[in-house]
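Heads up: the structure comes next, in structure tokens.
The first residue in the sequence is number 1, and the count goes up from there.
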Amino acid sequence: MARRKAPHIADELLDQLLSGTDAAAALQQGGLLDELKKALAERALNAEMDHHLGGEAGVGNSRNGYGRKTVLTETGGRVALEVPRDRQGSFDPQLIAKYQRRFPGFDEKIVSLYARGLSTREIAGHVLELYGVEVSPDLVSAVTDAVLEEIATWQARPLEPVYPLVFFDALRVKIRDEGLVRNKAVHIALGVRADGTKEILGLWLEQNEGAKFWLRVLNELRNRGVEDILLAVVDGLKGFPEAIQAAFPDTTVQTCIVHLLRHSLDFVSWKDRRAVAAALKEIYQAVDPAAAEVALTAFEAGPWGRKYAAIGPSWRRAWSEVVPFYAFPAEVRRILYTTNAIEALNAKLRSAVRTRGHFPTDEAALKLLYLVLNRTEKEWTMPPREWAMAKAQFAVIFSQRFTKALA
């Protein structure tokens, strides 16, 4: 079907509108553009009133003059509108609602600034500096609070029946709670669909994590329609493998190799990190579990394993969740240990969190993190380049379970 072209304003009409007007001034506050908005808005409001009086609500009702109302535009200007009134007081306009003081689009600008990590006071200062319009931090907070309802809807939305791959990760944020600033964990589930496209499945904030918490999260995913997860990649979170087995018994649980490497290097001095990382590569690039265990034993017995004795046991403790990795071919392994999507996502979240220091409430943290996730998700338009080959491997390894995800 052919796409409809955007409405075109004739040059003659533009010339008529701009006649005797400085073209540059037309875009300024109070200029021609704001005058057009005023004229169009008032025409729309009068049309709404005509429709209102022509319906059932108009029986025995009639116009009763105009009221004045000043609203902020998305460019920061102020427009004084003549809003029609009716004698019964039953007219509730849709374009500019009774208690609305901002043109459609102004709130979106505030939310966009909030999503970029600006605090409510910074946004108020930003709007004042750019537009010369004073908006209180309380107004900014009220505007962004509308996002909480959106979060609740998003968090309860239906999900796909099958996800071939789900990454579970967490980051710590500082939140004021009962007069103290506490570290709380924000957990994120990133799903990969059968076509390779990514989707944030949910966002959970919890101070204490464990098997009961994770079982609640997984049961929530089931209640939202998820029937099967082929491969779950976790970062060694306590109680998580047991919770997965309880909710999704057929799911293969894989420890995230990137997190395991990062945890290993936490024990290592800065000057030795490159050499230790190269030595550990022999383990996760082994051809099979037996060769990997030989490489791990050799590492433990070698100079780096003896110098940093905590690394070997940390791999062995997670070994049952490391082993599944070796059953996969190189294309799938590359997606598992070069988790660019989750790493890039975490980098954006940490950057936004870092500018805040700490949050006054759980809701304030959730608002910001959700908006960052929402903006990031819109940037994901292409699957990973390895996915075409990985998809063929998933079809062989998981057979009908993967085929169901394609349906």
Side-chain angles (χ1 to χ4, degrees), residues 164-171 188 190 192 196 198 230-238 240-241 244 251-350 383-394 396-398:
L165 190 57
V166 177
F167 295 96
F168 292 92
D169 205 358
L171 73 155
I188 301 158
L190 171 63
V192 180
K198 299 181 287 291
L230 307 187
L231 184 61
V233 182
V234 301
D235 64 350
L237 299 167
K238 183 181 178 182
F240 199 83
I244 290 179
T251 297
T252 300
V253 182
Q254 171 66 52
T255 290
C256 178
I257 300 299
V258 170
H259 282 87
L260 197 54
L261 284 170
R262 192 173 291 150
H263 177 66
S264 299
L265 295 178
D266 285 343
F267 299 109
V268 180
S269 67
W270 188 259
K271 64 183 179 65
D272 292 337
R273 285 193 171 194
R274 187 182 296 273
V276 173
L280 289 171
K281 189 180 290 187
E282 297 296 323
I283 303 171
Y284 66 82
Q285 288 190 346
V287 295
D288 55 37
E293 188 154 10
V294 169
L296 177 57
T297 302
F299 175 85
E300 290 173 316
W304 297 122
R306 292 196 304 272
K307 183 174 182 179
Y308 300 107
I311 294 178
S314 71
W315 279 72
R316 292 200 180 275
R317 282 193 297 273
W319 196 248
S320 61
E321 282 79 49
V322 173
V323 168
F325 177 79
Y326 300 104
F328 298 107
E331 296 79 22
V332 179
R333 286 193 194 186
R334 196 171 298 115
I335 291 174
L336 298 184
Y337 73 73
T338 57
T339 53
N340 293 330
I342 197 75
E343 292 300 307
L345 183 63
N346 279 340
K348 291 186 177 183
L349 291 171
R350 288 191 177 96
R385 64 176 179 273
E386 302 92 352
W387 188 254
M389 297 184 70
K391 185 164 71 171
Q393 300 287 348
F394 267 92
V396 173
I397 296 167
F398 294 104

Main-chain N/O of E300 paired to R306 side chain as donor or acceptor, under 3.5 Å
no

Nearest 0.5 angstrom please: T252 OG1 to L230 CG, how far?
8.0 Å

Euclidean distance, L261 CG relative to R273 CZ, rounded to 0.5 Å:
11.5 Å

Evaluation steps, side-chain contact (heavy atoms from CB on, under 4.5 Å), between V192 and F167:
CA-CA 8 Å; V192 180; F167 295 96; 4.2 Å; yes

Minimum heavy-atom distance between E282 and A295, given as atom pair plus value:
O-CB, 3.6 Å

Looking only at heavy atoms, what is the nearest atom pair of A291 and D288, with distance?
N-OD1, 2.7 Å

Heavy-atom side-chain proximity of I311 to L280 below 4.5 angstrom:
yes

Under the rule for side-chain contact (heavy atoms from CB on, under 4.5 Å), what residues qualify as partners of A232, not counting sequence neighbours?
F168, I229, I244, T251

Does any non-hydrogen side-chain atom of L165 lie less than 4.5 Å from one of K198?
no

Restricting to non-hydrogen atoms, name the atom on S269 and the atom on Y308 that form the minimum distance, rounded to 0.1 Å.
OG-OH, 3.1 Å

In Å, rounded to the nearest 0.5 Å, how long is the span from CD1 of I257 to CH2 of W315?
5.0 Å

Worked check of side-chain contact (heavy atoms from CB on, under 4.5 Å) between F328 and L231:
CA-CA 11 Å; F328 298 107; L231 184 61; 3.9 Å; yes

Do F325 and T255 have side chains that get closer than 4.5 Å, going by heavy atoms?
no

So, Q254 side chain and E321 main chain: donor-acceptor pair closer than 3.5 Å or not?
yes

Give the C-alpha distance, both sets of side-chain angles, the deciding distance and a yes or no for side-chain contact (heavy atoms from CB on, under 4.5 Å) between L190 and D169.
CA-CA 8 Å; L190 171 63; D169 205 358; over 6 Å; no

Atom CD1 in I283, atom CZ in F299: separation rounded to 0.5 Å?
6.0 Å

Validation row, ring centre W387 to ring centre F394 under 6.0 Å:
yes

Should we count CZ of R274 as having more than 12 external heavy atoms under 6.0 Å?
no

Hey, what do you get for CD (Q285) to OH (Y326), rounding to the nearest 0.5 Å?
10.0 Å

